[in-house]
Amino acid sequence: MSPAQDPCGTPVLSALEAFYAQGIDDLAEWSSSTLEEARARGLDDVATVEALRVDEFMSLYLEQIHSVPPDQWARSLPLPEGHLRSALTGRELVDVPRTGRLNMLMDGRLYGAERLPRHLSADHRELKASLCYAHDVIFEDPFDDEHHALVAMKAITETFPDKVMKPALEPGLFVRTVRALADLAPLVRAGTVMFIPRQLTADPQSIAVAGSSYAGMGGEISRKELAERTVRAWLLSGGRAVPLFASADEEAAFRDAAALLAPLLPEQEKGFMHRLAALALPNCGQLDTRHMLEIREEPLFTSFRARQRQALAFVGDGEDTDALRLYREEMRAAADETNRLSSRGLMAKFTVPKALGWLTGSMIMQPRSWTAALAALGAITAHSAAEAWYERDSGTRALHHHYATLGAGES
């Protein structure tokens, strides 16, 4: 269960399997039946947590992942040249009640209010769409907490030594998370889905208080926090973690958050975001997640990703009108070919003949602006991120320096 043994982010899957000494599918079945039996017997949350051993697992897991500095987790993610990585940050793997993530057991009761601003769709459409064009995807660790529950509990018990406290997710949330991880397991094992600590994309000021996500938040607050977490992930990765927006609304929120950086940017960078091209790609909404590895090896997606990487390498910041025209022509041709070929082979067995709207764009920020931008948004690994950016070859910046939005119509 040592994090040092896993080079691809926090070891969510391997830690579960090692602790419970069984494969994730068997663990999902066992935890579901244990929860069902506990509820049938009328057991309270404390007894159910003990039956599932949630408190034991969480105590050991959180202690180990937080023994590694957050920026070290960020540096542990391999990124080969020409590799497209998507970031779906700010989303829980499963739906979390508006009461928040109950994640702390104290005096026989569960407490907690933290939760990320959004949750992944039940059909994992954002993930499946992202994997049709990116090589891998980053999520925030489903068992981690921004404010480090063990530290918070230690502070409380030092003041109130009679308090008995343990980290423990609410049993139903724990079981739903294990089920979701079982669905994603083939992708996790392949290094296609990776996890990072929540502190990496959170505001350090709110971490110092009690975590930045609170129960019941919504509307503009949720929209703003999701956007800021996405901007931090992009900045901290040196522009290499490509934001994937689930809707035009999310893209607009990102633009608003990025606009806060305008006073820090040189005049030539003020445009910041440029829309490049709208595409129509096959809709994988009904595709089984477990088949994504097979689908991704299909020639149509291999070809599309290769063409997109080549086109992005030449388009730059979107200011060159000739380069932009050629990019749009190449991407529309690639999309047309992908749609034509998607009616054949394995792809046709799992999808319906409906196109998904995509919008691609580029974002501008030069190395000299990064440190100030990270400090302005609040980031705990600003120095490491700046180093990562400076180490990159200038000729490859445009390759990763872009974003994608779902639901955009073809233009």
How long is the gap from [atom1] on [X] to [atom2] on [Y], to the nearest 0.5 Å?
{"X": "Arg39", "Y": "Thr48", "atom1": "CZ", "atom2": "OG1", "result": "7.5 Å"}
{"X": "Thr360", "Y": "Tyr327", "atom1": "OG1", "atom2": "OH", "result": "3.0 Å"}
{"X": "Glu29", "Y": "Thr34", "atom1": "CD", "atom2": "OG1", "result": "10.0 Å"}
{"X": "Ile65", "Y": "Gln199", "atom1": "CD1", "atom2": "CD", "result": "8.5 Å"}
{"X": "Lys224", "Y": "Glu228", "atom1": "NZ", "atom2": "CD", "result": "3.5 Å"}
{"X": "Leu173", "Y": "Asp95", "atom1": "CG", "atom2": "CG", "result": "9.5 Å"}

Mark yes or no for whether Arg85, through its side chain, and His135, through its backbone, hold a donor-acceptor pair below 3.5 Å.
->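 No, the answer is negative, given that no donor and acceptor are paired below the 3.5 Å cut-off.
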
Donor-acceptor pair, side chain of Glu126 and main chain of Ser121, under 3.5 angstrom = yes

Side chain to side chain contact (heavy atoms under 4.5 Å, CB included) between Leu35 and Phe174, worked out | CA-CA 10 Å; Leu35 177 62; Phe174 176 80; over 6 Å; no

Decide whether Glu250 and Thr405 meet the rule of one side-chain donor and one side-chain acceptor closer than 3.5 Å.
-> no

How about [X] and [Y]: do any of their side-chain heavy atoms sit closer than 4.5 Å?
{"X": "Leu93", "Y": "Arg176", "answer": "no"}
{"X": "Phe195", "Y": "Asp144", "answer": "no"}
{"X": "Arg328", "Y": "Leu324", "answer": "yes"}
{"X": "Leu13", "Y": "Arg189", "answer": "yes"}
{"X": "Leu16", "Y": "Leu27", "answer": "yes"}
{"X": "Asp141", "Y": "Ile196", "answer": "no"}
{"X": "Leu359", "Y": "Phe245", "answer": "no"}
{"X": "Leu110", "Y": "Pro171", "answer": "yes"}

Restricting to non-hydrogen atoms, name the atom on [X] and the atom on [Y] that form the minimum distance, rounded to 0.1 Å.
{"X": "Ser32", "Y": "Ala28", "value": "OG-O, 2.8 Å"}
{"X": "Ala185", "Y": "Ile24", "value": "CB-CG2, 3.7 Å"}
{"X": "Leu181", "Y": "Val12", "value": "CD1-CG1, 3.5 Å"}
{"X": "Gly90", "Y": "Arg229", "value": "CA-CD, 3.9 Å"}
{"X": "Phe143", "Y": "Leu62", "value": "O-CD2, 3.4 Å"}
{"X": "Asp25", "Y": "Ala182", "value": "OD1-CB, 3.8 Å"}

Heavy-atom neighbours of Glu36 CD exceed 12 at 6.0 Å =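 Count not over threshold, so no.
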
Answer yes or no: are there more than 12 heavy-atom neighbours, outside Glu17 itself, under 6.0 Å from its atom CD?
-> yes

With respect to Ser31, which candidate in Val178, Thr177, Val54, Asp26 satisfies the side-chain contact (heavy atoms from CB on, under 4.5 Å) definition?
->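 Single pass found, and it is Val178.
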
Identify the residue among Asp136, Leu127, Leu88 that makes a side-chain contact (heavy atoms from CB on, under 4.5 Å) with Val193.
->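 Between Val193 and the candidates, side-chain contact (heavy atoms from CB on, under 4.5 Å) is satisfied uniquely by Leu127.
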
Tyr403 and Thr230: CA distance, side-chain angles, deciding distance, side-chain hydrogen bond (donor to acceptor under 3.5 Å, both in side chains) verdict = CA-CA 11 Å; Tyr403 67 90; Thr230 305; over 6 Å; no

Could you walk me through whether Arg179 and Val94 pass the side chain to side chain contact (heavy atoms under 4.5 Å, CB included) check?
-> CA-CA 9 Å; Arg179 287 175 181 164; Val94 296; over 6 Å; no

Could you check Glu330 against Leu326 for side chain to side chain contact (heavy atoms under 4.5 Å, CB included), going step by step and ending with a plain yes or no?
-> CA-CA 6 Å; Glu330 173 64 11; Leu326 291 173; over 6 Å; no

Listed partners of Glu92 passing salt bridge (charged side-chain N to carboxylate O under 4.0 Å, His left out), at least two apart = Arg101, Arg198

Hey, what's the ring geometry for Trp30 with Tyr20, parallel, tilted or perpendicular (30° and 60° as the breaks)?
-> tilted

